[in-house]
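Here it is: the structure, laid out below.
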2 protein chains.
Amino acid sequence: MNKDHIIFLIGRINYKANRFLRDELEKHGIAGLAPSHGEILGVLLMRGEVQMTQLTEYIDKDKSTITALVNKLIWLGYVKKRKDDDDNRISRIALTEKGASLKPGIMDISRKLRKKAYENIRERDKKILYTLLSKINMNF
Amino acid sequence: MNKDHIIFLIGRINYKANRFLRDELEKHGIAGLAPSHGEILGVLLMRGEVQMTQLTEYIDKDKSTITALVNKLIWLGYVKKRKDDDDNRISRIALTEKGASLKPGIMDISRKLRKKAYENIRERDKKILYTLLSKINMNF
DNA sequence: ATACAATAGTTTGATATCAAACAATTACTC
DNA sequence: GAGTAATTGTTTGATATCAAACTATTGTAT
């Protein structure tokens with residue numbers, strides 16, 4: 001497990017990005033949320049109302065994780081849940097007004113993250129990076 | 001937080017690599033260990049006896065995390081701890097014979113990880129990847 | 001219609017991890 | 001030498017996360 005290992009780097013970047021996001025969320029008055037919460041909010045901002053399983057797919061997290069994440073967002077008043085009209089197994093998740101009001105903040109944070117991560121990285125290299133990382137992701 | 005986001009990919013790869021490592025450790029009869037344990041073992045294989053703070057630096061984890069990780073390795077018999085001869089604050093960590101016997105397994109796992117992650121990725125692209133990821137890492 | 005399989009989401013248990021606070025030891029300043 | 005700052009590692013608290021097991025509901029086969 002050599003420190004120069006790409007996988008090691010990926011782990012460190014992951015941690016740092018998450019810490020950055022957590023700090024930024026706090027700066028925007030959205031304290032107590034983790035990056036994953038932010039991801040859910042982002043999905044809801046984009047897609048409106050979704051099922052829990054869809055959240056699982058969109059942010060690629062375990063079902064039970066989604067339950068916990070959503071419950072916290074509900075508790076904080078950002079998200080609401082209702083039963084599907086046709087299938088009683090299905091819960092549908094959507095933003096509350098309070099949640100929707102976070103849009104500017106979420107967008108700002110997203111922009112800052114990109115700015116921070118990609119400083120001094122050319123557009124072309126971003127594309128290369130994305131391509132290579134996608135390959136690695138698919139290798140697992 | 002767009003799913004196409006590089007940072008998102010990094011997070012997923014991190015998780016998958018860790019899961020892969022965990023599974024491989026188990027396959028090699030080294031169950032109950034996490035990738036970070038493996039990293040510590042790797043460091044000790046390479047460097048012999050080190051201080052706790054050195055472990056913190058080598059694998060870039062929080063001091064308290066190192067304490068927990070090392071304690072588990074001690075409990076499992078892979079690692080031993082002794083006080084420094086000159087400074088009573090310092091603990092020195094080294095492999096036990098049992099720990100040292102894991103070397104072939106650790107090496108094998110490391111090789112498998114690389115093989116898995118870098119399948120279909122040229123040597124040149126690995127260098128590019130490392131360079132770009134290092135930049136991103138330094139940006140945070 | 002009944003029985004079983006599949007699905008949706010929850011509950012439960014475990015854990016690596018960070019950060020803050022802390023105690024003991026050593027280093028440094030006067 | 002005394003007092004304070006710095007260092008080392010531990011303790012404590014919190015948490016996102018996964019995975020297994022589970023319950024309720026719906027789908028499918030007979």
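Proteins get letters first, then strands, A, B, ... in listed order; numbering begins at 1 in each.
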**Message:** Considering every strand and a 4.0 Å limit on heavy-atom distances, what is the contact class for Ser91(A): base, sugar-phosphate, or nothing?
**Reply:**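 Contact class for Ser91(A): sugar-phosphate only.
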
**Request:** Would you mind checking if Lys112(B) and Asp108(B) are paired as a salt bridge, meaning a charged N to carboxylate O distance below 4.0 Å?
**Result:**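 A salt bridge links Asp108(B) with Lys112(B).
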
**Request:** Considering just the side-chain nitrogens and oxygens of Lys83(B), establish if one lies under 4.0 Å of OP1 or OP2 belonging to dT8(D).
**Result:**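 For dT8(D), OP1/OP2 do not have a side-chain N/O of Lys83(B) under 4.0 Å.
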
**Message:** Are there over 12 heavy-atom neighbours, none belonging to Lys83(B), within less than 6.0 Å of that residue's NZ?
**Reply:**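 Atom NZ in Lys83(B) is packed in, count exceeds 12.
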
**Item:** Nucleotide nearest Thr65(A) when distance is taken to its side chain, options dC18(D), dT11(D), dT7(D)
**Value:**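 Among dC18(D), dT11(D), dT7(D), the one nearest the side chain of Thr65(A) is dC18(D).
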
**Asked** Does one side chain, of Lys16(A) or Asn137(B), offer a donor that lies under 3.5 Å from an acceptor on the other?
**Response**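 Their side chains do contain a donor-acceptor pair, which is all the 3.5 Å distance test asks for.
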
**Asked** Could you state the CG-P distance from Asn14(B) to dA16(C), rounded to the nearest angstrom?
**Response**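 Value for this atom pair: 15 Å.
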
**Request:** For Asn18(B) and dA19(D), give me the distance from atom CG to atom C1', rounded to whole Å.
**Result:**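 So the CG-C1' distance, Asn18(B) to dA19(D), works out to 16 Å.
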
**Request:** Among the candidates dT17(D), dG9(C), dA6(C), find the nucleotide nearest to the side-chain atoms of Ala68(A).
**Result:**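 Between dT17(D), dG9(C), dA6(C), the one nearest the side chain of Ala68(A) would be dT17(D).
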
**Message:** Rounded to whole Å, how long is the line connecting atom CD of Glu57(B) with atom C1' of dG9(D)?
**Reply:**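 Rounded to the whole Å, the gap is 13 Å.
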
**Message:** Taking Arg82(A) first and then Glu49(A), would you say they form a salt bridge - that is, a charged N and a carboxylate O separated by under 4.0 Å?
**Reply:**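 Result for this pair is yes, salt bridge flagged.
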
**Request:** Record whether the side chain of Arg89(B) comes under 3.5 Å of the base of dT8(D) through a donor-acceptor pair of N or O atoms.
**Result:**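 Between dT8(D) and Arg89(B), which were checked side chain against base, a qualifying N/O pair under 3.5 Å is absent.
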
**Asked** Atom CD of Glu39(B) to atom P of dA16(C): distance rounded to whole Å?
**Response**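 Atom CD in Glu39(B) sits about 14 Å away from atom P in dA16(C).
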
**Item:** Out of dC18(C), dA8(C), dC18(D), whichever nucleotide has its closest atom nearest the side chain of Arg12(B)
**Value:**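 My answer, after comparing the listed nucleotides, is dC18(D).
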
**Asked** Which residue, Arg19(A) or Thr53(A), contacts DNA chain C at a nucleotide closer to its 5' end, judged by nearest heavy atom?
**Response**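 Final value for this comparison: Thr53(A).
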
**Asked** Of all the nucleotides listed (dA16(C), dA16(D), dG9(D)), which has the minimum atom distance to the side chain of Ala34(A)?
**Response**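 My answer, after comparing the listed nucleotides, is dA16(D).
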
**Prompt:** Just how far, in rounded Å, is P of dT10(D) from CG of Asn88(B)?
**Reply:**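 It is 13 Å, rounded to the nearest whole Å.
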
**Message:** What is the distance, to the nearest angstrom, from the CG atom on Asp62(B) to the P atom on dG13(D)?
**Reply:**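 In whole Å, dG13(D) P and Asp62(B) CG are 17 Å from each other.
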
**Prompt:** Side-chain contact, heavy-atom cut-off 4.5 Å: Thr65(A) with Ile59(A)?
**Reply:**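 When only atoms from C-beta onward are counted, Ile59(A) and Thr65(A) do not touch, as no gap falls below 4.5 Å.
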
**Item:** Toward the 5' end of DNA chain D, by each residue's nearest nucleotide, Arg22(A) or Gln51(B)
**Value:**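 Comparing both residues, the 5'-ward one is Gln51(B).
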
**Request:** Check whether any side-chain N or O of Tyr15(B) sits under 4.0 Å from OP1 or OP2 of dA16(D), and answer yes or no.
**Result:**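 Answer is no, no contact under 4.0 Å.
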
**Request:** Establish, with yes or no, whether the OP1 or OP2 oxygen of dT17(C) is under 4.0 angstrom from a side-chain nitrogen or oxygen of Ser36(B).
**Result:**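 Checking Ser36(B) against dT17(C): at least one side-chain N or O falls below 4.0 Å of OP1 or OP2.
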
**Message:** From the set dG9(D), dC18(C), dG9(C), return the single nucleotide nearest to any side-chain atom of Lys63(B).
**Reply:**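 Per side-chain heavy atoms of Lys63(B), the pick is dG9(D).
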
**Asked** Which whole-number value in Å describes the distance from Glu26(A) CD to dA19(C) P?
**Response**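 From Glu26(A) CD to dA19(C) P: 12 Å.
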
**Prompt:** Do you reckon Ile90(A) sits in the same ILVMFWY cluster as Val79(A), going by side-chain contacts under 4.5 Å, direct or chained?
**Reply:**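 Unlinked, Ile90(A) and Val79(A) end up in two clusters.
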
**Prompt:** With a 3.5 Å cut-off and just heavy-atom distances, do the side chain of Ser64(B) and the base of dA19(C) make a donor-acceptor pair?
**Reply:**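 Checked by distance alone, the answer is yes.
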
**Prompt:** With a non-hydrogen cut-off below 4.0 angstrom, is Leu69(A) in contact with a base, only sugar-phosphate, or nothing?
**Reply:**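 Sugar-phosphate contact only - Leu69(A) comes under 4.0 Å of backbone atoms but never of a base.
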
**Request:** Establish, with yes or no, whether the OP1 or OP2 oxygen of dT10(C) is under 4.0 angstrom from a side-chain nitrogen or oxygen of Lys81(A).
**Result:**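 True: Lys81(A) side-chain N/O within range (under 4.0 Å) of dT10(C) OP1/OP2.
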
**Asked** Expressed in angstrom and rounded to an integer, what is the separation of Ile66(B) atom CD1 from dA19(C) atom P?
**Response**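 Taking CD1 of Ile66(B) and P of dA19(C), I get 13 Å after rounding.
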
**Prompt:** Which of the following nucleotides, dG9(D), dT17(D), dT26(D), is nearest to the side chain of Asp87(A)?
**Reply:**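 Closest nucleotide to the Asp87(A) side chain: dT26(D).
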
**Message:** Below the 4.0 Å mark, does dT10(D) have OP1 or OP2 next to a side-chain nitrogen or oxygen of Thr67(B)?
**Reply:**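 Thr67(B) to dT10(D) OP1/OP2: side-chain N or O found under 4.0 Å.
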
